[in-house]
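Note that this is a predicted model, so its numbers are computed, not measured.
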Amino acid sequence: MAADPWANLKQFTDARIGLGRSGSAMPTHEVLDFALSHAMARDAVTTPIDWTPIEKGLADLGFPTLRVTSATSDRSEYLRRPDLGRKLSDHSREALVRASEMERERPDLVVLVGDGLSSTAVSANIVPFLSALEPYITKNGWRLSPILLAEDARVALGDEAGEILGGKAVLVLIGERPGLSSPDSLGVYITFSPRVGLKDADRNCISNVRQRGLSYEEGAFKTAWILREAFRRGLTGVNLKDELQFLIEGHKGPELIG
């Protein structure tokens, strides 16, 4: 039997390449694999998130948490009405106002964890990612509010939460829209001076943080660098995006960010 000429390339990507054929159709195992990947992507979007193990994992890292919800009434409305996913529910807004009144100092950073479009991504990646980020937080002495666990959240939900809590910056960690080869991709969004009405151009994004994508260590390093520069320069967004060129393999870790 002839060797598969695509075999060496397939080790470098999860993309569907060199699928082959069976007569005029795709091989059965490729059709079944595609159907499985499609089902996993749908499950990532529709499966309700279980916050309990995430709360426990973050507590073990020393991070207190607070649950909040968006203005959507259920998952179906969340998918149909993205605008409601960008707004806090009345109950959550009131809870954050009370929390801000109890704080003696303004937090440097508000961290919001949102289920987004992939509960799978959040369940799998949040605790190890924040474990990798924690040394940078400690080294820089950044003051955090309790980590917000947001149900039915869109990225811009962090703007309202960050504004209410008075955060100098907001870090939104959210499940990305699943692809057929990546149902568990975590997105990282950093916004300086969060407030309602900001645009995507005002924030920085690090994408595809997961075990088979951007590693937790590299994702945490890039996040910490952007945060440090955001605090130093007083901005995020398009004016900061090109400043990541020096981030190369073999970086030295937390000692570079401080």
Determine yes or no for a side-chain-to-main-chain donor-acceptor pair under 3.5 angstrom, with S70 supplying the side chain and D152 the backbone.
yes
side-chain contact (heavy atoms from CB on, under 4.5 Å) partners for D200, two or more places apart
R203
Answer yes if Y189 and L133 sit in the same cluster of Ile, Leu, Val, Met, Phe, Trp and Tyr residues linked by side chain heavy atoms under 4.5 Å apart, and no otherwise.
no
hydrophobic_cluster_shared for F63 and V209, side chain cutoff 4.5 Å:
yes
Could you tell me whether the side chain of R93 and the main chain of L88 form a donor-acceptor pair under 3.5 Å?
yes
Cluster check L165, V172: I/L/V/M/F/W/Y, side chain < 4.5 angstrom:
yes
Is the side chain of R154 donor-acceptor paired with the backbone N or O of Y78 at a distance under 3.5 Å, no angle test?
yes
Spell out, yes or no, whether L235 and L171 are grouped together once hydrophobic residues are joined by side-chain heavy atoms under 4.5 Å, including indirect joins.
yes
Could you pull out the closest heavy-atom pair between A121 and S185, with the gap in Å?
CB-O, 3.3 Å
Considering all heavy atoms, the nearest L198-P194 contact
CD1-CA, 4.0 Å
Salt bridge (charged side-chain N to carboxylate O under 4.0 Å, His left out) contacts in which one or both residues fall within residues 164-179, not counting sequence neighbours:
D108-K168
Once salt bridge (charged side-chain N to carboxylate O under 4.0 Å, His left out) is applied, do any residues pair with R212, and if so which ones, sequence neighbours excluded?
D14
Looking at S131 and V127, would you say the former's side chain and the latter's main chain have a donor-acceptor pair under 3.5 Å?
no
Looking only at atom types and distance, does a side-chain atom of T191 sit under 3.5 Å from a main-chain N or O of V170, one as donor and one as acceptor?
no
Under the 3.5 angstrom rule, does the side chain of S119 hit a backbone N or O of T47 as a donor-acceptor pair?
yes
Find the distance between CD (E55) and CG (L66) and round it off to the nearest 0.5 Å.
9.5 Å
Can you establish whether the number of heavy atoms outside E77 located under 6.0 Å from its atom CD is more than 12?
yes
Verify same cluster id: V68, I49 (apolar side-chain graph, 4.5 Å):
no
